[in-house]
> 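Provided herewith is a single structure, encoded as structure tokens, for subsequent inquiry.
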There are 2 protein chains.
Amino acid sequence: MKRGPQRSVNTETVLDAALELLDAGALTMRALAARLGLTPGALYTYFPDRAAIVTALADRLLGQANLDLLEHGGGSPAERIVAFALNLREVLMRHPAAVPAILGAAFNGPVALRVGESLLGALPDPRAAYTVMVYVLGSIALEAAETGSPVAPEAERIAARRAAFAVDPAAFPRTHAAADAIAAYVSTEQFRWGLERVLSAL
Amino acid sequence: MKRGPQRSVNTETVLDAALELLDAGALTMRALAARLGLTPGALYTYFPDRAAIVTALADRLLGQANLDLLEHGGGSPAERIVAFALNLREVLMRHPAAVPAILGAAFNGPVALRVGESLLGALPDPRAAYTVMVYVLGSIALEAAETGSPVAPEAERIAARRAAFAVDPAAFPRTHAAADAIAAYVSTEQFRWGLERVLSAL
DNA sequence: ACCTGAACACCGTTCAAGT
DNA sequence: ACCTGAACACCGTTCAAGT
């Protein structure tokens, strides 16, 4: 399962190992160094501190989303936004532990700038573009917050939510009646439904 | 500025001190104990671990929002949702360091259940209600992520964003042209504008 | 430039023992 | 029930010294 120490260490191999550890909820400078066959202090040759590693990871992950779907995809601007958003959600939900970092470093990184520029191409009003970003990143953040690693398939996660859901029907009648829909809050269908509604208003 | 150790320690006084430390970005069990005139181990009489303190803090903060605005306020359901959302944003933005915890513990706490139930009263379709929650919590999370403590007034934060904003106009023409609007992403006006658009589609 | 060894200044949590 | 003292098993970061 685990690979041995890397042959040659560089910025990229440090990030590779850091992402694996972050996914496992065990990203410490000491664990990272050990995995690379180094002493903790050696890491400071590659990054100034731990936060810089996490920021670089966030930008790199954002870069794995397929921007072509937004820039050169088929269909209307709204359809291209939906396609890109679905892809971004898929990419980020592979690494839920990294999502809070992306929220934090959201718009400082070089990749984030490109995404923002392309989004303004599809949706020229910046207020509208930001509303979409808020919805997409907010959805992913809420979903990631309750997801462990490794990420279970969506159907399983929804079933687990449904099974764990128990509220007093007398105190919370509407919530109790909506249990099925609430369990499906983390579904692709809910994500798409909300996004399409939001886009229809912009 | 700082108060001395509390006279009598209980769950509430622990949370009071914990919130002050969280705001200062310095919530450690040792600092918390010291502020209460205790030894670190004594804290485990009140809470099972650090995470439980943060969760309790998140629920308590959510409880400071005025739910009456949503349940018994005047105007249409949409107007009541806007009024409550503005109030919630104000309450949470007083403690930006606590916001990630609220995102995480969003819907486990007792107060969160009450908020959800009331929201379903104003917006009976659960998919629509969740879309609103995503927008509101997403907005607040993005805003909180870039805010230090203590929180500067909104006008100052926007001016600082505008002053710090510099992108290559050749590489990012649309982003460059939208600089003023982008600086105002964290404004109350942007928050309200987006929320009203979202509500209009639901 | 890259890395080690060792240290510094911290963490959260546990637990026997006291009151 | 509440608290201390002391320990255990960790952290991130720095830095002189080596290559």
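This one's a predicted model, so the numbers in the text were calculated from it and none came from an experiment. Just so we're on the same page: letters track the sequence lines, and every chain starts at 1.
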> Under 3.5 Å, sequence neighbours excluded: what are the donor-acceptor pairs made by side chains of residues 158-166 of chain A?
residue: A:R161; atom: NE; partner: A:A183; partner atom: O; Å: 2.9
residue: A:R161; atom: NH1; partner: A:E146; partner atom: OE1; Å: 2.8
residue: A:R161; atom: NH1; partner: A:E146; partner atom: OE2; Å: 2.7
residue: A:R161; atom: NH2; partner: A:I182; partner atom: O; Å: 2.5
residue: A:R162; atom: NE; partner: A:D180; partner atom: OD1; Å: 2.5

> Could you list all N or O pairs between the protein and nucleotides 2-6 of chain D that sit under 3.5 Å apart?
residue: D:dC3; atom: OP2; partner: B:Y46; partner atom: OH; Å: 2.4
residue: D:dT4; atom: OP2; partner: B:T39; partner atom: N; Å: 2.7

> Considering residues at least two apart in sequence or located in another chain, which fulfil the side-chain contact (heavy atoms from CB on, under 4.5 Å) criterion with A:P77?
A:R80, A:A122

> Just need the stems in DNA chain C: three or more back-to-back Watson-Crick or G-U pairs, each with both distances under 3.5 angstrom, sorted by first number.
C:4-8 with D:12-16, C:12-16 with D:4-8

> Considering residues at least two apart in sequence or located in another chain, which fulfil the ring-ring contact (aromatic ring centres under 6.0 Å, His included) criterion with A:Y185?
B:Y130

> CZ of B:R30 versus C1' of D:dA7: gap in Å, rounded?
10 Å

> Roughly how many Å is it from CG in B:L21 to P in C:dG12, rounded to a whole number?
11 Å

> Could you tell me which residues satisfy side-chain hydrogen bond (donor to acceptor under 3.5 Å, both in side chains) with A:T28, sequence neighbours excluded, listed by chain and number?
none

> Whole angstrom is fine here: how far is it from CG in A:L32 over to P in D:dT13?
12 Å

> Provide the distance between the two P atoms, one in C:dC10 and one in D:dA9, to the nearest whole Å.
22 Å

> According to salt bridge (charged side-chain N to carboxylate O under 4.0 Å, His left out), does anything in residues 119-136 of chain B pair up with another residue at least two apart or in another chain? List the pairs.
B:D125-B:R127

> Holding to side-chain hydrogen bond (donor to acceptor under 3.5 Å, both in side chains), I want the full list of residues that pass it with A:T131, two or more places apart in sequence or in another chain.
none

> Answer yes if the side chains of A:E154 and A:S187 hold a donor-acceptor pair under 3.5 Å, and no otherwise.
no

> Heavy-atom count check: over 12 atoms from other residues, nucleotides or ligands less than 6.0 Å from B:E189 CD?
no

> Among pairs that include at least one residue of residues 165-175 of chain B, which meet salt bridge (charged side-chain N to carboxylate O under 4.0 Å, His left out), considering only residues two or more places apart or in two chains?
A:E117-B:R174

> Mind listing the residues from residues 47-54 of chain A sitting with a heavy atom below 4.0 Å of DNA chain C? Number order is fine.
none

> A:Y44 OH to D:dA16 C1': how many Å, rounded?
17 Å

> Among all residues two or more places apart in sequence or in another chain, which pass the side-chain hydrogen bond (donor to acceptor under 3.5 Å, both in side chains) test with B:D23?
B:H95

> Using the side-chain hydrogen bond (donor to acceptor under 3.5 Å, both in side chains) criterion, which residues pair with B:R60? Sequence neighbours excluded.
B:E12, B:D16

> Among D:dC11, D:dT13, C:dG12, which nucleotide has an atom closest to any side-chain atom of A:T28?
D:dC11

